[in-house]
Amino acid sequence: MTTEIPKQYDPAAAEAKWFPFWEQRGDFNADPDPTKPPHVIMIPLPNVTGALHMGHALNGTLQDLLTRWRRMQGYEALWMPGTDHAGIGTQAMVEKRMFEEEGLTRHDVGREALIERIWKWKDVYETRILSQLKRLGASCDWRRVRFTLDEVCSRAVRQTFFKMFQDGLIFRGKRLVNWDCFLQTAVADDEVSEEETDGHFWTFNYPVVEETSDESRVTSAREDKGTPSETSPALSTQYSVLSTGERISFSTTRPETMLGDTAVCVHPTDERYMHLIGKHVRIPVNGRVIPIVADALLADKTLGTGCVKVTPAHDPNDYACWTRNKEKMGEPINLLNPDGTLNENAGPWQGQDRLVARDAVVAEMERLGHFEKVEDRKIPLKHSDRSKTPVEPYLSEQWFVKMDTLAQNAIDAANDGRVTFYPERYRQSYLSWLGEKRDWCISRQLWWGHRIPIWSKRLTDEEEGATEDESHSLCARGGLDESGARVQMVCIAPNDRDYETQFEQLGFTQEPDVLDTWFSSALWPHATLGWPDTEHNPPLTSSSPSTLNPQPSTKNEVLPYFYPGSVLVTSRDIITLWVARMVLTGLYNMGDVPFKHVCIHPKIQDGFGQTMSKSKGNGVDPIELIEKYGCDGMRFTIASFAGETQDVRLPVGYECPHCQAVIPQEPHHLKFKPGKPKIKCSKCKKESQYATPNYTPDEGEPIARVVIERFEYGRNFCNKLWNAARFAMLNLESRDESGESRAREEVLAASPALDSRLSTLDSSLALDSRPLALDSLPIEDRWILSRLATVTDEVTSLLDVYKFDAATRSLRDFVWNEFCDWYLEMIKPRLRDEALKPAAQRVLVAVLDTTLRLLHPFTPFITEELWQRLKEIAPSRGLPRPTQAADAIIIAPWPSGLEAWRDSTLEARFQRLQDLIVAVRNVRGTYNISPALTVTISVRCSSESAADLEQVKSQFESLAKATLTAAGPNIARPTKASVSFSLGDSDGYLPLEGLVDLQAELARQKKEADKVRGFIAGTEKKLGTSSFVDRAPPEVVAEVRQTLANQQKQLASIEEIVKLLSAD
RNA sequence: GGACGAUUAGCUCAGUUGGUUAGAGCGCCACGUUGACAUCGUGGAGGUCGUUGGUUCGAGUCCAAUAUCGUCCACCA
């Protein structure tokens, strides 16, 4: 029975049907299989902080495309899914919500309770993210979902830290960090961004003082850790203001930092100040005396007053200056408490918020007469990406990983080609970042994350020194704590957790800090495969309660089989944060790179060229688009954008709920608006609500939803494919009641008109030789097969180098412009002819079969739907001999080895036929000939072309609504009123008496002749240039000569016509 | 300030190693729905390839300068 095939593809139904189908069959699963090569992609793990956006949709589409493609090619294709705990972001989100809803801070609930709350949050979002990925059709091995805080990953983190600690790569140090006062943690340089902020630019002065006692060394650094603020006021009594009353002026945007100044700095060659170098000034607000130092790197003669105050504890440049001038300056003075209030070093301002104290200090300076001026200024201020609050430079104790060797190894891997970037240019950003070899600050003052596996205890005065001890599970070292006291530090490896309790009983306490999120995601490629456990395969689900040994394996087979991976697919902004660090840790832990290729894809922007992001309010939910355009439509469109050069710009619109007109998004739509923002439709003039960054529209109300019209490209393509397949299937089936089997018999029936060996389809056909079978086919069959072979090659080699856009174009052009527009049209007459039908069906189904397989990685759902339907009608198909089709397209073999089908000469011949038909259509269009009217045409051409024409003669009707009356070299020129065209090597004549205005035709032909004359003039000029003829390669010259000959021939034909028409 | 990318039709983008008359999709114009598809078909209009120099027989393509936009890095008293 004929299964009803609807006229429109229904994406939602197909998506709901085939994803569970694949999953239940286990098609997504990847396990070590020595008979197959592995192909491995590790997902760039999404953060559990929120929902997926368009960038993820692009990223996921490409990875799934590659995974499905390689799976069809016979690889054991693993796409590893998982999520990232995203330390700062997630904790900030939960803390913020907790504060908003319950008024509680993390200190109110405590470490364990907060972590518990975050786990719950994580469960919700992880589920949401994973289900979103599935909606994209992601063929991940869903049994292997990992989470950076699960047991498998945690163990890898502990082991890596332990190993690095043992190797002396991890150290503790004071460092000026970006301090997030809201989250009370250090934030990496990579996690802060600058924003222009309104601020002030104050100018003050400090009085220059001179010594009045013998004490010459004033603020020399003391050996012990005394607080500098205690010492300075005491010494200040030994100085008095210069008799000249000289003052030194400077400007600042942060006056409160005056309290922590340890020097003022001038340029060593600045004539205004050279005489003051080595003298001192007194800070009026606290009376401290500080030196005037010279530093060419910090001070710039041309800027401001040329003099800078130096606050090493609160400014990176000042800190750098301090490291250069330590012996002159004294220790940096930290003014801040972790929450952004001033500490005891601020004297009377202790306890005040830094911003409050700022004004107070300004007032005090003014009162004391040291204020000069203030101006308003836009100040670039660093903000924490996570909390969106301004960060403060803050001197604190942090843990670091030494980068020199590690970074060098990662540099070498990219230089010697073990890691290749696509496009190649991104290697540079990777290399230049690693080249700095800046030590990696890995500690974060958070609770959500991997707690640093160091236990320490202060050494008493009696204890001589720390024990240095290294074993497979313990590594002990001496060190200093934050206050500078001597401590015994012990790092404990993951496999000896008993030690943890033992040491705690001995009075050791674990570090409160957790590790930078990137520390765990850097291990992702090998941690997910079970490293460092070499004895067991990694457990199959992260939620599985059984810990690390759920399977009876005695060897981890997964890790060596799937490591190193094949390709990492990501966007350029985390090349440094993540890609470089994965290479680095992969080399360190595994001795090999984590992936061979890095595919960097474009970023998604809105219609104004701005990166899409939730905070900008221009983000778009991919699920909404999937619902509107279908998953395959979205995937196909998005893949068509993914090229090497440009970012993807997606102009967004709002669809009027009243009339479905699309209202283009304008920048003002993205601004924060009070109340319930409404948008007015330019067509029906009605208003409706729409979503803005600060407003979610009321459900039930008419809402103007976000649409991206560019996605119609993919949706339309899917529908076209659907209908082409529908046509094919309708024509594969028999019309009588015996149904399917009858259809097959027809296909299998011999067709005497064609090669019997091809058409006699039974098992004995094994004797068939392809070239013979091909030769016997009509020209359109051989053409489409040749084109298909070419396209198969193109797509395969384009995917090899990650040129998704070009592959998509190639496929679309083939399906739409060649298969649908030409081939299907051309075989329609044969499908109506019972004698010719079987062979046509054979080729048709083979082409459809191969095309679907080529498309599957791009559009998985529609191709599976069609594959399954086709299976019912034609379970065996293919050329030259039918074979049983695969049970599901997801595991069908990727087309290859079609070289025998290629025939470039034939493609060129066919092109001539196409040109001829287009020319006829052109004439029809020009004279507006009724589509109902069949015209006749005679063609003067070579006998070879005439033979080709003869073959497609019967299809002229449907292709051009024209009857070919005669073709050949000796075709008579028309003597009566007629329209003609010249293609150079052939001319067509269409008698159209009474239908056309002969004067108009004459004018048209004259115009055409002029045009060709223009071309000829250009070509002749070129050939007349001796330098061209002498210097250009001979084949180019010959080519141009041939062109000229053709043009002249064409002109002769046209002139002949013109003469004829003029004479009439 | 440094690096990288972009600038081609009204819009969004292709354009392989320099080589006849620069392409596509959308939009626009004209015509067209009895059997695959109006999410469609046929035909058409529309571009001095950001600007200025240079190399070359020949430049959208290579080189230099410049403008504008974007991204990353560094810096900003």
Side-chain angles (χ1 to χ4, degrees), chain A residues 5 7-9 189-190 194 201-203 250-254 264-265 298-300 303-311 315-318 379-380 423 425-426 428-429 432-433 436 572-573 575-576 603 605 607 609-611 629 633 637 640-641 643-651 664 709-710 712-713 715-731 803 805-806 809 812-813 817 820-821 824-825 828 918 921-926 928-932 960-961 1011 1014-1015 1018-1019 1022 1025-1033 1035-1037 1039-1040 1042-1044 1046-1047:
Chain A
I5 307 176
K7 281 189 170 187
Q8 276 193 12
Y9 168 55
D189 284 341
D190 315 295
E194 282 186 1
F201 187 67
W202 286 272
T203 305
F250 58 88
S251 301
T252 180
T253 56
R254 292 183 300 158
V264 291
C265 172
L298 184 66
D300 184 335
L303 285 175
T305 63
C307 173
V308 204
K309 65 194 235 16
V310 185
T311 323
D315 184 280
N317 297 306
D318 294 3
I379 298 164
R425 63 175 183 274
Y426 289 112
Q428 289 180 41
S429 34
S432 63
W433 184 81
E436 291 178 25
R572 67 179 107 86
D573 40 10
I575 290 175
T576 53
K603 299 191 58 147
Q605 300 177 338
Q610 300 293 309
T611 351
Y629 302 101
T637 310
S640 80
F641 296 152
E644 292 202 329
T645 51
Q646 307 216 38
D647 283 332
V648 177
R649 201 177 276 210
L650 294 178
E709 288 178 286
R710 291 190 74 185
E712 288 176 8
Y713 176 82
R715 181 200 59 180
N716 294 357
F717 174 73
C718 288
N719 201 54
K720 187 71 180 176
L721 173 69
W722 178 262
N723 278 289
R726 175 172 183 266
F727 170 78
M729 288 191 278
L730 290 172
N731 281 286
K803 291 185 177 172
D805 58 338
R809 263 196 305 281
R812 184 190 185 276
D813 288 349
N817 303 340
C820 291
D821 290 350
L824 291 184
E825 292 306 324
K828 276 177 180 174
V918 168
R921 288 169 176 170
N922 191 317
V923 168
R924 299 190 66 114
T926 306
N928 213 352
I929 311 263
S930 160
K961 199 86 177 167
K1011 202 169 113 190
F1015 294 154
T1019 316
K1022 197 171 199 178
T1025 318
S1026 62
S1027 53
F1028 171 71
V1029 182
D1030 296 345
R1031 300 203 207 176
E1035 62 272 19
V1036 172
V1037 178
E1039 211 177 304
V1040 175
Q1042 182 59 49
T1043 304
L1044 181 64
N1046 290 344
Q1047 288 168 339

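Convention: sequence-line order gives letters A, B, ...; per-chain numbering from 1.
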Query raised in the report: So what does A:Arg812 hit on the nucleic acid, given a heavy-atom distance under 4.0 Å: a base, only sugar-phosphate, or nothing?
Result: sugar-phosphate
Query raised in the report: Taking atom C1' of B:A38 as reference, at what distance in whole Å does atom CZ of A:Phe727 sit?
Result: 18 Å
Query raised in the report: Is A:Asp647 touching bases, backbone alone, or none of the nucleic acid, heavy atoms closer than 4.0 Å?
Result: sugar-phosphate
Query raised in the report: Touch check for A:Gln8, heavy atoms < 4.0 angstrom, all strands: base, sugar-phosphate only, or nothing?
Result: base
Query raised in the report: Roughly how many Å is it from CD in A:Glu644 to C1' in B:G15, rounded to a whole number?
Result: 13 Å
Requested in this report: Output the single nucleotide from B:U7, B:C73, B:U56 whose closest atom is nearest the side chain of A:Arg1031.
Outcome: B:U56
Requested in this report: Classify the side chain of A:Glu825 versus the base of B:A36 as yes if they form a donor-acceptor pair under 3.5 Å and no if they do not.
Outcome: yes
**Report entry** Nearest-nucleotide pick for A:Leu824, side chain only, options being B:A36, B:C13, B:U39
**Finding:** B:A36
Query raised in the report: Among the nucleotides B:U21, B:U7, B:C57, which one has an atom lying closest to any side-chain atom of A:Phe1028?
Result: B:C57
Query raised in the report: How is A:Gln1042 classified with respect to the nucleic acid when contacts are heavy atoms under 4.0 Å: base, sugar-phosphate, or nothing?
Result: nothing
Query raised in the report: Can you tell me how far the CG atom of A:Asn719 sits from the CZ atom of A:Arg726, to the nearest 0.5 Å?
Result: 10.0 Å
Query raised in the report: Nearest-Å distance, CZ (A:Arg425) to P (B:C73)?
Result: 16 Å
Query - P gap between B:U12 and B:G27, integer Å - result: 15 Å
Query raised in the report: Taking OP1 and OP2 of B:G44, is either one under 4.0 Å from a side-chain nitrogen or oxygen of A:Asn922?
Result: yes
**Report entry** For atom CD of A:Glu1035 and atom C1' of B:C57, their distance in whole Å
**Finding:** 14 Å
Report task. Check the distance between B:G35's P and A:Ile5's CD1 and give it to me in whole angstrom. Result -> 16 Å
**Report entry** Sugar-phosphate only, base, or nothing, as touched by A:Phe250 at under 4.0 Å among non-hydrogen atoms
**Finding:** nothing
Query raised in the report: Within the structure shown, what part of the strands sits under 4.0 Å from A:Cys820 by heavy-atom distance: base, sugar-phosphate, or nothing?
Result: base
**Report entry** B:A3 pairs with, by Watson-Crick or G-U criteria that keep both distances under 3.5 Å
**Finding:** B:U71
**Report entry** Nucleotide nearest A:Arg572 when distance is taken to its side chain, options B:C31, B:U71, B:U7
**Finding:** B:U71
Query - B:C49 pairs with, by Watson-Crick or G-U criteria that keep both distances under 3.5 Å - result: none
Requested in this report: Using a 4.0 Å heavy-atom cut-off across all strands, classify A:Thr1019 as base, sugar-phosphate, or nothing.
Outcome: nothing
Query raised in the report: What's the CG-P distance between A:Leu721 and B:C37, to the nearest Å?
Result: 15 Å
Query raised in the report: Is A:Phe641 touching bases, backbone alone, or none of the nucleic acid, heavy atoms closer than 4.0 Å?
Result: nothing
Query raised in the report: With respect to the side chain of A:Ala724, which nucleotide from B:G19, B:A36, B:U7 is positioned closest?
Result: B:A36
Requested in this report: Give none if B:U16 has no partner; otherwise give the nucleotide forming a Watson-Crick or G-U wobble pair with it, both distances under 3.5 Å.
Outcome: none
Query raised in the report: Between A:Lys828 and A:Cys307, which has a closest nucleotide on RNA chain B that is more 5'?
Result: A:Lys828
Query raised in the report: Taking atom P in both B:U71 and B:C13, what distance in whole Å separates the two?
Result: 14 Å
Query raised in the report: Touch check for A:Thr645, heavy atoms < 4.0 angstrom, all strands: base, sugar-phosphate only, or nothing?
Result: sugar-phosphate
Query raised in the report: Within the structure shown, what part of the strands sits under 4.0 Å from A:Arg254 by heavy-atom distance: base, sugar-phosphate, or nothing?
Result: nothing
Query raised in the report: What's the CZ-C1' distance between A:Arg710 and B:A14, to the nearest Å?
Result: 12 Å
Query raised in the report: What is the base-pairing partner of B:G10, counting Watson-Crick and G-U wobble geometry with both distances under 3.5 Å?
Result: B:C26
Requested in this report: Identify whether any heavy atom of A:Ser930 sits under 4.0 Å from a base atom; if not, whether one sits that close to sugar-phosphate; answer base, sugar-phosphate or nothing.
Outcome: nothing
Query - Gap in Å between the two P atoms, one belonging to B:C29 and one to B:G10, rounded - result: 16 Å
Query - Under 3.5 Å on both distances, the Watson-Crick or G-U partner of B:U34 - result: none
Report task. Compare side-chain N and O positions of A:Asn716 against OP1 and OP2 of B:C40 and report whether any pair is under 4.0 Å apart. Result -> yes
Requested in this report: Please evaluate the base of B:C37 for a donor-acceptor partner in the side chain of A:Lys7 within a cut-off of under 3.5 Å?
Outcome: no
Query raised in the report: Of the non-hydrogen atoms in A:Lys309 and A:Phe250, which two are nearest, and what is the gap between them?
Result: CD-CE1, 3.4 Å
Query - Non-hydrogen side-chain atoms of A:Ser429 and A:Arg572 separated by less than 4.5 Å - result: no
Report task. Could you pick out which residue, A:Ala806 or A:Tyr9, lies toward the 5' side of RNA chain B when each is mapped onto its nearest nucleotide? Result -> A:Ala806
**Report entry** Nearest-neighbour nucleotide for the A:Lys720 side chain, B:U20, B:A36, B:U21 considered
**Finding:** B:A36
Report summary line: Of the candidates B:A14, B:C31, B:G19, the side chain of A:Pro931 sits closest to B:C31
Requested in this report: Would you classify A:Asp1030 as touching base, sugar-phosphate or nothing, given that sugar-phosphate means primed atoms plus P, OP1 and OP2, and contacts are heavy atoms under 4.0 Å?
Outcome: nothing
Query - Among B:A6, B:G25, B:C37, the nucleotide that comes nearest once only the side chain of A:Tyr713 is considered - result: B:G25
**Report entry** Rounded distance in Å - CD (A:Glu712) to C1' (B:U12)
**Finding:** 13 Å
Query raised in the report: How would you label the contact of A:Gln428 with the nucleic acid (heavy atoms, under 4.0 Å): base, sugar-phosphate, or nothing?
Result: sugar-phosphate
Query raised in the report: When we call it a touch if two heavy atoms are under 4.0 Å apart, what does A:Arg726 touch: a base, just sugar-phosphate, or nothing?
Result: sugar-phosphate
